[in-house]
Protein chains: 2
Amino acid sequence: MKIGQATIKDIAKELNVSSSTVSRALKDYPGISDETKRKVKEVADKLNYRPNAIALSLRKSRSFTIGVIIPEVVHFFFSTVISGIEEVASSRGYNVILTQTNESLAREKSSLDTMLSNQIDGFLISFSKETTDFDHFSKLLDYGYPIVFFDRIPDIPNAISVMIDDYQGAYNATSHLIEQGYTRIAHLAGPKNLNISKERERGYREALINHGLKVYPEFIIECPFGTNEEGFKATEYLIKKINLKPDAIFANNDMAAVGAMLACKAEGLKIPEEMGIVGFSNWQFCSIIEPSLSSVSQPGFKIGEKATSMLLDMIEKKLDPDTITAPIVLETELLIRKSSVRLSS
Amino acid sequence: MKIGQATIKDIAKELNVSSSTVSRALKDYPGISDETKRKVKEVADKLNYRPNAIALSLRKSRSFTIGVIIPEVVHFFFSTVISGIEEVASSRGYNVILTQTNESLAREKSSLDTMLSNQIDGFLISFSKETTDFDHFSKLLDYGYPIVFFDRIPDIPNAISVMIDDYQGAYNATSHLIEQGYTRIAHLAGPKNLNISKERERGYREALINHGLKVYPEFIIECPFGTNEEGFKATEYLIKKINLKPDAIFANNDMAAVGAMLACKAEGLKIPEEMGIVGFSNWQFCSIIEPSLSSVSQPGFKIGEKATSMLLDMIEKKLDPDTITAPIVLETELLIRKSSVRLSS
DNA sequence: ATCGTTAACGCAAACGATTGCATAAAAAAG
DNA sequence: CTTTTTTATGCAATCGTTTGCGTTAACGAT
């Protein structure tokens with residue numbers, strides 16, 4: 001005998017009325033006498049009645065639940081996005097079902113499946129690094145299923161997505177390094193199949209070109225996992241193995257940037273004097289490490305908020321997906337700290 | 001016309017059989033001819049049939065969904081716990097519904113309510129800092145509702161909980177400082193209403209006493225929010241305003257410890273020579289800040305795993321809650337780094 | 001006295017799947 | 001060729017709610 005399991009029928013029985021009357025009374029429908037409404041509500045209270053959302057979902061084929069699929073929870077950026085999602089969803093009366101794919105395509109697909117089984121009203125997705133083919137998404141889109149992609153967005157024509165301006169963020173970061181007098185700027189790039197990596201690299205390249213600097217291919221090293229070990233190795237390589245030593249590094253993510261910092265320290269290179277470093281994501285630790293790390297801040301919370309409110313608008317038909325033709329782009333902010341400032345201004 | 005909306009009835013119609021036959025065929029029940037089974041499965045495949053989990057939930061009054069209520073998502077420890085929860089739940093075929101309370105009691109209660117409405121099979125809870133009265137939990141427990149508390153555990157006799165050994169963790173951290181020759185060890189404490197704070201403070205106190213040191217009340221400063229600003233202020237106060245200056249700080253959490261480090265740097269105190277510092281939680285940044293911060297590592301992922309597997313066992317009646325009389329306690333690990341080592345060993 | 005109107009409520013189907021109990025047809029036993 | 005058993009399938013209720021439509025009784029109008 002579990003709690004809250006009193007049903008409309010129980011109330012009906014207690015008062016010798018029909019379930020329809022109870023249902024209507026609870027919702028203040030017209031055509032029910034005030035007296036009955038009063039009694040019904042009283043008994044509902046007494047029995048600790050709680051509407052069965054499952055029954056409601058079945059009836060309305062709406063679950064008031066949205067599904068979130070992300071690569072991993074333990075990641076500063078994603079956790080802030082989740083936070084934004086949860087805030088908006090719960091304030092608008094929706095539940096959030098969460099799964100992480102751990103960057104596995106198989107899990108992404110199975111998550112999609114079980115969520116569909118659960119009559120999810122819509123999806124919020126940032127796909128895995130393994131995902132290169134978007135058929136499983138476009139099928140759903142074709143059927144008019146509400147989906148909003150965020151951060152990592154697929155190359156599907158009619159997909160709705162919310163992203164940050166990776167290009168501009170990278171451009172600003174690189175320009176900042178250039179303005180600080182660094183001229184041989186290397187780039188620790190992200191995995192090639194993610195658009196965000198490509199965009200950041202593009203921002204890096206164009207900033208160099210627009211400032212009259214040359215792009216050296218050997219200065220661009222891919223760090224697909226984004227760990228500090230990777231950043232460490234890449235930086236050691238840059239310092240030791242290359243003829244033209246770089247004097248600054250723009251990293252695709254903060255962890256790699258930290259790896260770069262550690263490598264510099266190990267090699268006795270002073271930051272920012274001999275090596276300027278800028279990261280990407282503005283993880284919490286950026287401001288507290290030594291020297292503090294300049295980084296491009298991604299508005300994770302805002303992304304979550306925006307993506308969710310768009311999704312809910314689509315679900316509630318307040319927003320026609322066809323009116324959205326381009327991805328929503330949120331601005332980044334370059335946070336300049338000690339690791340990249342060597343000019344007294 | 002949404003995808004996956006083909007129902008058992010659609011399959012039945014297509015083959016001119018009854019829904020019961022289809023249902024049984026899909027589940028390989030005996031008493032259905034192999035021929036029929038084959039056909040049913042074929043059509044199911046063709047129509048992209050996906051069982052409606054909602055209908056199933058209603059029928060079985062089981063939702064195969066567990067509810068997670070935590071103070072906040074953007075927190076290294078909690079995000080690792082979530083990760084552990086999600087792994088176990090999804091591997092055992094359960095969904096995870098997530099809400100954060102932002103440390104508000106009101107939101108905690110309303111989350112509880114909507115989850116109950118959604119026929120959640122069980123709860124995983126770490127309650128808010130505002131929560132001092134546990135009636136809303138004990139009501140559910142009395143009704144036999146499966147709940148596992150983690151990290152922050154309530155003082156209810158029959159509550160099942162998974163926690164870490166905060167006392168021992170704090171004891172070890174403090175002992176380590178003592179062994180390093182620090183004698184005037186201060187403590188940045190957590191909010192008084194959380195058991196974990198009390199336990200950590202107790203570990204700190206007893207370590208001092210057992211090593212023949214005195215406990216100075218003025219050395220214990222409460223940092224209820226656990227921010228680095230708070231830690232900064234508390235440490236400045238300790239350094240400047242107190243007659244007997246401490247030579248080490250054991251902080252209730254890493255952020256406060258970082259605040260303490262910054263305050264020491266601002267005051268020109270060398271770490272670890274003039275001030276030893278140990279934190280709690282082992283946030284990611286501990287190993288990459290300068291000097292690296294010694295910290296007590298909490299096995300967040302394991303907590304999530306353990307709590308979830310216990311909850312699912314209870315839900316599936318594989319585990320009788322009455323056989324569990326004491327909280328499950330997981331061991332911490334003291335990670336010794338530079339911030340607290342001044343003896344060459 | 002009869003008719004129309006309105007207020008207040010009940011009936012029953014529907015959402016999708018499961019399942020105990022019938023039932024029909026086919027096969028085996030007599 | 002019956003009778004019994006087996007095999008394969010269908011019926012209908014159920015989970016908790018909602019809702020279109022019908023029903024009843026009371027009331028005022030004619």
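Quick caveat, the model's predicted, so the values are computed rather than measured. In what follows, chains carry the letters A, B, and so on, assigned in the order in which the sequence lines appear, proteins first and then strands, with residues in each chain numbered from 1.
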Looking at residues at least two apart in the chain, or sitting in another chain, which of them share a salt bridge (Lys or Arg N to Asp or Glu O under 4.0 Å) with A/Asp113?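 With sequence neighbours excluded, A/Asp113 shows a salt bridge (Lys or Arg N to Asp or Glu O under 4.0 Å) to B/Arg50, given in chain and number order.
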Acceptor/donor pairs from residues 22-30 of chain B side chains to any protein atom, 3.5 angstrom cut, sequence neighbours excluded:
{"from": "B/Asp28", "atom 1": "OD1", "to": "B/Lys41", "atom 2": "NZ", "distance (Å)": "3.0"}
{"from": "B/Asp28", "atom 1": "OD2", "to": "B/Lys41", "atom 2": "NZ", "distance (Å)": "3.2"}

When the aromatic ring centroids of A/Phe76 and B/Phe76 are compared, is their separation below 6.0 Å?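 Between B/Phe76 and A/Phe76, which both carry aromatic rings, the centre distance is not below 6.0 Å.
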Quick one: do A/Lys60 and A/Asp121 make a salt bridge, cutoff under 4.0 Å?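 A salt bridge is absent here (no side-chain N lies under 4.0 Å from a carboxylate O).
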Going 5' to 3' along DNA chain D, which nucleotides are the first and last within contact of chain B (any atom under 4.0 Å from a heavy atom)?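 Range of nucleotides within reach of chain B: D/dA8 to D/dG16.
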Hey, could you give me each pair passing ring pair (Phe, Tyr, Trp, His ring centres under 6.0 Å) that has a residue in residues 82-113 of chain B? Not counting sequence neighbours.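 Qualifying pairs, neighbours excluded: B/Phe64-B/Tyr94.
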Hey, can you pull the residues of residues 31-40 of chain B with a non-hydrogen atom under 4.0 angstrom from DNA chain C?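 Under 4.0 Å from DNA chain C: no residue of residues 31-40 of chain B.
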Using a 4.0 Å heavy-atom cut-off to protein, can you give one letter per nucleotide of nucleotides 12-21 of chain C, 5' to 3': B if the base is in contact, S if only the sugar-phosphate is, - if neither? B-BBBBBBB-
Flag side-chain contact, heavy atom, 4.5 Å: A/Thr99 against A/Val68: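 Not in contact.
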[X]: side chain to side chain donor-acceptor pair (under 3.5 Å) partners, not counting sequence neighbours:
{"X": "A/Asn193", "answer": "none"}
{"X": "A/Glu14", "answer": "A/Lys46"}
{"X": "B/Ser18", "answer": "B/Ser20, B/Thr21"}

Would you mind classifying the nucleic acid contact of B/Val22 as base, sugar-phosphate or nothing, using non-hydrogen atoms under 4.0 angstrom?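 Here B/Val22 touches no strand at all.
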Classify A/Asp10 by what it touches in the nucleic acid, base, sugar-phosphate, or nothing, heavy-atom distance under 4.0 Å.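 The residue A/Asp10 makes no contact with any strand.
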Residues which pass side-chain contact (heavy atoms from CB on, under 4.5 Å) with A/Ser33, listed by chain and number, not counting sequence neighbours: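 With neighbours one apart ignored, the set is A/Glu35, A/Thr36.
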Counting only pairs under 3.5 Å, give me each side-chain donor-acceptor contact of residues 301-310 of chain B, with atom names and distances, residues two or more places apart or in other chains.
{"from": "B/Thr308", "atom 1": "OG1", "to": "B/Gly304", "atom 2": "O", "distance (Å)": "2.6"}
{"from": "B/Ser309", "atom 1": "OG", "to": "B/Glu305", "atom 2": "O", "distance (Å)": "3.3"}
{"from": "B/Ser309", "atom 1": "OG", "to": "B/Lys306", "atom 2": "O", "distance (Å)": "3.2"}

Can you give me the bend angle of the helix from C/dA1-D/dT30 to C/dG30-D/dC1? Use the axis through the first five pairs and the one through the last five, nearest 10 degrees.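 Angle reported: 70°, given to the nearest ten degrees.
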Parallel, tilted or perpendicular: which fits the ring planes of B/Phe77 and B/His75, with parallel below 30° and perpendicular above 60°?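 If you compare the ring of B/Phe77 with that of B/His75, the planes turn out perpendicular.
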May I ask you to decide if the ring planes of A/Phe149 and A/Phe137 are parallel, tilted or perpendicular, using 30° and 60° as cut-offs?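 Taking A/Phe137 first and then A/Phe149, their aromatic rings stand perpendicular (interplane angle over 60°).
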Distance, rounded to the nearest Å, where A/Ile11 contributes CD1 and C/dG10 contributes P: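 It is 14 Å, rounded to the nearest whole Å.
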